[in-house]
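Okay, structure first, notes after.
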Number of protein chains: 2
Amino acid sequence: MRQQCYRIGELAKRTGVGVPTIRYYGEIGLLPEAGRGPGGQRLYGSSHLRRLMFIRHCRKLGFSQEDVRALLSHADQTNAPCKQVDRLARGHLTKVREKIAALQALEQALEDMIDGCQGGSVEECQIVEALTVGE
Amino acid sequence: MRQQCYRIGELAKRTGVGVPTIRYYGEIGLLPEAGRGPGGQRLYGSSHLRRLMFIRHCRKLGFSQEDVRALLSHADQTNAPCKQVDRLARGHLTKVREKIAALQALEQALEDMIDGCQGGSVEECQIVEALTVGE
DNA sequence: AATAAAACCTCTAGTAACTAGAGATGCAAG
DNA sequence: CTTGCATCTCTAGTTACTAGAGGTTTTATT
């Protein structure tokens, strides 16, 4: 019944996750360890493929490894209510929004700083001045 | 002429940079190494104070260590034109804007995903579905 | 069957920018 | 003289991988 068997390179091609990264995921237990062929190569099944896809989608959305681990364990419990998943996703969204806000403040500060610079020498540069004095 | 002498804790208090971080900056050469007192404690002067302030302002604005290093070396050449400084600042601003854009795309994707979820069990959760299938 | 190339293996170390901890010493006050 | 804080050095941990060395296995070609 184990008709589908992917070697690591095949799995990499199908998921878009790099070969060393797949091995790394195995090491840290994010992906269950693969079986091994006679020569010692890892052999993955379709469950690995699905799980790795899931992981990749999560990582693309910026979820941390820790979050991914939680999402995976929730996703496995098909009968449980999805409240936990929802909470994780919303929590992550909040963090993303906070990061955006922080970066926008940064953007503003940088713009102000750059606008103050009229060219000339470093001595009279408003950017250097701003960095020295702070605001 | 070395009237001003700060111990590392004093410098930390005045700059808002943590004690281990100051030691770390010394190690990596971002801050010149301090003189040492009889018992081996680091002793910093006012030039260290200024430099560390500069570094802190840079880091608060999200400049990388590499950028800070460059900014510092430019800031030291008071007669040179400030074009390089300007270029560094603008380059950094661009990177910040790119990061904001990427995060906003992420925000949208997360919102879409979360909006699809109607509650219920994990089996029918659109978030889990989206993470499994992608998009 | 021999050989060459691609894919795979393990292990170590490096990235950015610190942070945390262990265990030893110095320094000022009561 | 002892208590306690500040400091010292050194090592290792964080996040999420990535790069490289040096060796084996599998696959393809001759």
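Below, read A as the first sequence line, B as the second, and so on, with proteins coming before strands; counting in each chain starts at 1.
In the set C:dC9, C:dC18, D:dC17, the nucleotide with an atom closest to the side chain of B:Gln65 is C:dC18.
Summarising the geometry of B:Ala89 relative to A:Ile127, their closest heavy-atom pair is CB-CD1, 4.1 Å, with the distance given to 0.1 Å.
A close approach under 4.0 Å does occur between a side-chain nitrogen or oxygen of B:Arg42 and OP1 or OP2 of D:dC8.
Within residues 18-36 of chain A, the residues having any heavy atom closer than 4.0 Å to DNA chain C are, in order of number, A:Arg23, A:Arg36.
Within the structure, salt bridge (Lys or Arg N to Asp or Glu O under 4.0 Å) contacts touching residues 27-41 of chain A (residues at least two apart or in different chains) do not occur. Within the structure, the salt bridge (Lys or Arg N to Asp or Glu O under 4.0 Å) test picks out the following pairs touching residues 89-108 of chain B (sequence neighbours left out): A:Arg97-B:Glu107, A:Glu107-B:Arg97, A:Glu111-B:Arg97, B:Asp67-B:Lys95, B:Asp86-B:Arg90. Applying the salt bridge (Lys or Arg N to Asp or Glu O under 4.0 Å) test to pairs two or more places apart or on separate chains, those with a residue in residues 5-21 of chain A are A:Glu10-A:Arg14.
The CZ atom of A:Arg59 sits 11 Å away from the P atom of D:dT15 (whole-angstrom rounding). With rounding to whole Å, B:Glu10 atom CD is found 15 Å from C:dC27 atom C1'. B:Ile8 places its CD1 atom 17 Å from the P atom of C:dG26, with the value rounded to the nearest Å. The distance from atom NZ of B:Lys95 to atom C1' of C:dA16 is 13 Å, rounded to the nearest whole Å. For the pair B:Leu43 CG and C:dG26 C1', the computed distance is 12 Å after rounding to whole Å. Rounded to whole angstrom, the span from the NZ atom of B:Lys13 across to the C1' atom of D:dA6 amounts to 10 Å. Atom CG of A:Leu11 and atom P of C:dC8 are 10 Å apart (whole Å).
Considering only heavy atoms from C-beta on, B:Met113 comes within 4.5 Å of A:Leu61 through its side chain.
At a threshold of 4.5 Å between side-chain heavy atoms, the hydrophobic network of Ile, Leu, Val, Met, Phe, Trp and Tyr places B:Ile114 and A:Val68 in one connected group.
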Under 3.5 Å between N/O atoms: give me all the protein pairs with nucleotides 24-26 of chain D, atom names plus distance.
| from | atom 1 | to | atom 2 | distance (Å) |
| --- | --- | --- | --- | --- |
| D:dT26 | OP1 | A:Gly39 | N | 3.0 |

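With A:His48 contributing its side chain and A:Pro32 its backbone, the two residues share a donor-acceptor pair below 3.5 Å. Side-chain N or O atoms of B:Thr132 include one that pairs as donor or acceptor with a backbone N or O of B:Val128 at under 3.5 Å.
For A:Tyr6, the ring-ring contact (aromatic ring centres under 6.0 Å, His included) criterion is met by no residue, not counting sequence neighbours.
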